[in-house]
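Everything below concerns the one structure shown next.
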Amino acid sequence: MKKYIGILMVSIALLMGSCDKCNEGDMVEPASIFVEVVDAVTLENVFVNEDFTPQQIAIKDLEDKLIPYNFVPNSNLIRIFPNTKNEIGNTFIITLNNETTSIIKEITIMHDVEANPQECYTSYKIKNVQVPNQESEIIDGIYIIKI
């Protein structure tokens, strides 16, 4: 009988320890911003008019560290995943470098990060996005930047 009580106690302890409210599936989408780069004169996307190709994109922070991004081919947008460690005063630079035409364009983007702690994770949101050297606007959550 004592043997069964011991097994029961161990079973209950194991069940209690693994019954937290967080599931492995509770993954949060990483903070990101969508950017469309357009020609300032024609307002045409620079990837559509072939001024630049997706392979000519480089995105780095001020410490020259690469910032991860995805090029979204169907819409010719750049989805950027900036660092979320600092809540204020973040800056990264998008460099478009067409070696064939010797055209290089740099876009400096400054932003802040808002942390939203949840029970199982912390989600982050990019906010206060500023493009100090180019004309820009936000339409439907996409930052349209004119170069």
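For clarity, every value in this text was computed on a predicted model and none was experimentally measured.
Side-chain polar atoms of Asn116 and Gln118 form a donor-acceptor pair below 3.5 angstrom. For the residue pair Thr53 and Gln55, a side-chain donor N or O sits within less than 3.5 Å of a side-chain acceptor on the partner. A donor-acceptor contact closer than 3.5 angstrom links the side chains of Asn45 and Glu36.
Looking only at side-chain heavy atoms (C-beta outward), Val35 and Ile94 come within less than 4.5 Å of each other. Taking 4.5 Å as the limit, every side-chain heavy atom of Val38 sits out of range of all side-chain heavy atoms of Val46. For the pair Ile109 and Ile145, the minimum side-chain heavy-atom distance is below 4.5 Å. Contact check for Ile107 versus Asn133: no side-chain heavy atoms found under the 4.5 Å cut-off. Side-chain contact check for Leu66 versus Lys60: some heavy-atom pair is nearer than 4.5 Å. No side-chain heavy atom of Val131 sits less than 4.5 Å from a side-chain heavy atom of Thr108. At least one side-chain heavy atom of Ile78 sits less than 4.5 Å from a side-chain heavy atom of Phe47. Inter-residue side-chain proximity for Val113 and Ile126 is flagged as met; some heavy-atom pair is nearer than 4.5 Å.
For Glu135 and Lys146, the salt-bridge test passes: some basic side-chain N is under 4.0 Å from an acidic carboxylate O. In this structure, Lys65 does not pair ionically with Asp61, as no charged nitrogen and carboxylate oxygen lie closer than 4.0 Å.
Around CD of Glu137, the count of heavy atoms belonging to other residues, nucleotides or ligands within 6.0 Å exceeds 12.
No continuous path of hydrophobic side-chain contacts links Leu96 to Leu77 [ILVMFWY only; heavy atoms under 4.5 Å]. One hydrophobic cluster, built from ILVMFWY side chains closer than 4.5 Å, cannot hold both Phe81 and Val129; they sit in different ones. Ile33 and Met110 end up in different hydrophobic clusters when Ile, Leu, Val, Met, Phe, Trp and Tyr side chains are linked at under 4.5 Å.
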Might you work through the salt bridge (charged side-chain N to carboxylate O under 4.0 Å, His left out) test for Lys127 and Glu114, ending with a clear yes or no? CA-CA 7 Å; Lys127 65 178 194 168; Glu114 180 180 294; 3.7 Å; yes

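Residues Arg79 and Pro30 come closest through the heavy atom pair NH2-O, 4.1 Å. Here the closest non-hydrogen pair linking Pro82 and Ile67 is CA-CG2, 3.9 Å. Nearest heavy-atom pair, Thr42 versus Asp39, reported as atom, atom and distance to 0.1 Å: N-OD1, 2.9 Å. Among all heavy-atom pairs drawn from Phe52 and Ile147, the shortest one is CE1-CD1, 4.0 Å. For the pair Glu106 and Gln134, the tightest heavy-atom approach, listed with the atom from each and the gap, is O-NE2, 2.9 Å. Scanning both residues, Ile80 and Tyr69, for their nearest heavy atoms gives CA-CB, 4.1 Å.
Distance check, rounded to the nearest 0.5 Å: NE2 of His111 to CD1 of Ile88 gives 12.0 Å. Separating the CD1 atom in Ile142 from the CZ atom in Phe34 is a distance of 7.5 Å, to the nearest 0.5 Å. Within the model, atoms OG1 of Thr95 and CD of Gln56 stand 12.0 Å from one another, a figure rounded to the nearest 0.5 Å. To the nearest 0.5 angstrom, Glu63 atom CD is 15.0 Å from Phe92 atom CZ.
Tyr124 contributes no side-chain N or O that, together with a main-chain N or O of Glu29, makes up a donor-acceptor pair within less than 3.5 Å. A side-chain donor-acceptor contact under 3.5 Å links Asn98 to the backbone of Asp51. Under the 3.5 Å distance criterion, the side-chain polar atoms of Asp112 are left unmatched by any main-chain donor or acceptor of Asn90.
The hydrophobic cluster containing Leu62 also includes Ile93, under a criterion of side-chain heavy atoms closer than 4.5 Å among ILVMFWY residues, counted directly or through chains of members.
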